[in-house]
Protein chains: 2
Amino acid sequence: MRANTVSIQTLRRLPLYLHYLKSIRSELPRISATVLAEALGFNDVQVRKDLGSVSGNGRPKKGYETDALIADLEKYLGCNSRTPAVLIGAGNLGRALLSYGGFSDYGLEIVAAFDASDAVVGTSAGGKTVMSMDRLGDTCERNSVRLGIITVPAAGAQNACDRLVGCGVKAIWNFAPTTLKVPCDVLVENENLASSLAVLSKHLTGSGE
Amino acid sequence: MRANTVSIQTLRRLPLYLHYLKSIRSELPRISATVLAEALGFNDVQVRKDLGSVSGNGRPKKGYETDALIADLEKYLGCNSRTPAVLIGAGNLGRALLSYGGFSDYGLEIVAAFDASDAVVGTSAGGKTVMSMDRLGDTCERNSVRLGIITVPAAGAQNACDRLVGCGVKAIWNFAPTTLKVPCDVLVENENLASSLAVLSKHLTGSGE
């Protein structure tokens, strides 16, 4: 049937479709790619292609049944399966992510948080007790963790990354402002909030101050 | 002298250089583009070019004085100037960002938080009292706010965006999983955490489950 390989760009758009569809499901039992494209500001042809790659439920002129499309997207994105993850670095940002409830919609469950600092170990964050790094290995093994979230300062990020990789983690969500070296079967997704901020600030100073 | 137009890609890398340099400034009084490139996993030539676009202090064979390079980067990125911002949407993510201390390193100061829900208005988040939307206009005016942060659900994001634009905001940091329509002089930087998560999860399910 459909190939399991959609592009990274398509993959990044799928949660946006899903989120929007869930917000309008009670009002619109059916939706066309054109309407969806218009609502999200995307290109019509692109939306049609994106949806076609994850759902076979679209019908010419009639579009998609909203609920069926939501179900297809959720299935493709693994929203109903559970992805256990660990987080290293329980500072401000780490605590913020631990407290953020929105990730569970996408199946992510942060099962434990770790920190290298004795002052932080034992404190509570997002309903979890922060553990010391020497418990990382058995926690990952017990929970079959293959996703790690890094929210330590840049200087400690490679070490945290190496520890995670050593524990069998295959995907790393890196919030530390640095580049990580990993084996080729490990995927790193960098989240550089400071980079976004730099782009915004520069736009402001460049636009007439 | 140097042109004020570096590419968006260069701009995104500058905070990474800055963050790293600050972490090693006490150990390395001088640093070469090669060493910096190696540390961050970037291309040598690219780093040389990036640094050259914001600093005239590099010397052949000797590299950069670390402190001088830090100062040039901070100046270019406006770290020492203050960028007042408002945040709309004091849910989990909004509260997380309000509590996150790291943005002040880049000059960002969230001066006020707003929410459309009466249940949230008046509560405290990150040391600030959440205000009702009808106070947005005078707050923006009084603080010369030109940066807005949107952390409302997707369905309310365009409305929040329109309100910000109506108050003179020229740059929007959008954490809502939707695309915003703005006038051409307004820059939107989208932060789609769910999209990153989709890429990571798909890597895991694609790698042998």
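Being a predicted model, the structure only gives us computed values, none of them experimental. Chain A is the first sequence line, chain B the second, and so forth, proteins listed ahead of strands; every chain is numbered from 1.
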Practice task
Tell me the residues of residues 77-84 of chain B whose non-hydrogen atoms fall below 4.5 Å from those of chain A, in number order.
Solution key: B/Leu77, B/Thr83
Problem - Nearest-0.5 Å distance that lies between atom OG in A/Ser196 and atom CG in B/Asn174 - result: 11.0 Å
Exercise for the section: Kindly check if the number of other-residue, nucleotide or ligand heavy atoms within 6.0 Å of NZ (A/Lys49) is above 12? Expected result: no
Practice task
Measure from the side-chain N and O atoms of B/Lys202 to the backbone N and O of A/Ile8, and report whether any donor-acceptor pair falls under 3.5 Å.
Solution key: no
Fill in the blank from the handout: One option among B/Leu180, B/Val188, B/Leu108 has the most heavy-atom pairs under 4.5 Å with chain A, and it is B/Leu108
Problem - Atom of A/Val199, atom of B/Leu11 and distance for their closest heavy-atom approach - result: CA-CD2, 3.7 Å
Practice task
Mind checking salt bridge (charged side-chain N to carboxylate O under 4.0 Å, His left out) for A/Asp115 and listing every partner two or more places apart, or none if nothing turns up?
Solution key: none
Problem - Inter-residue atom distance B/Thr179.OG1 - A/Glu38.CD, 0.5 Å rounding - result: 11.5 Å
Problem - Engaged part of A/Glu191 at the chain B interface, taking heavy atoms whose separation is under 4.5 Å - result: side chain
Practice task
Verify side chain to side chain contact (heavy atoms under 4.5 Å, CB included) between B/Leu193 and A/Phe175, making sure each step is shown before the conclusion.
Solution key: CA-CA 11 Å; B/Leu193 298 180; A/Phe175 287 80; 4.3 Å; yes
Problem - Selection residues 18-38 of chain A - residue pairs positive for ring pair (Phe, Tyr, Trp, His ring centres under 6.0 Å), sequence neighbours left out - result: none
Exercise for the section: Report, as yes or no, whether the 6.0 Å neighbourhood of atom CD on A/Gln46 holds more than 12 heavy atoms from other residues, nucleotides or ligands. Expected result: yes
Fill in the blank from the handout: By side-chain contact (heavy atoms from CB on, under 4.5 Å), B/Val47 pairs with (sequence neighbours left out) B/Tyr17, B/Ala33, B/Leu36, B/Ala37, B/Phe42, B/Leu51
Completion exercise
Distance col, row A/Leu197:CG vs B/Tyr106:OH, nearest 0.5 angstrom, shows 8.5 Å
Practice task
Identify the heavy atoms of B/Arg146 and A/Leu204 that sit nearest to each other, and give their distance.
Solution key: NH2-O, 3.1 Å
Exercise for the section: Answer yes or no: does atom NZ of A/Lys75 have more than 12 heavy-atom neighbours from other residues, nucleotides or ligands under 6.0 Å? Expected result: no
Handout entry: Point-to-point distance, once rounded to the nearest 0.5 Å, from OG of B/Ser195 to CD of A/Gln9
Key = 11.0 Å
Practice task
Flag yes if more than 12 heavy atoms outside B/Glu109 fall under 6.0 Å of its CD atom; otherwise flag no.
Solution key: yes
Exercise for the section: Go through A/Leu187, A/Ile24, A/Asn190, A/Val186 and name the one with the most non-hydrogen pairs under 4.5 angstrom from chain B. Expected result: A/Leu187
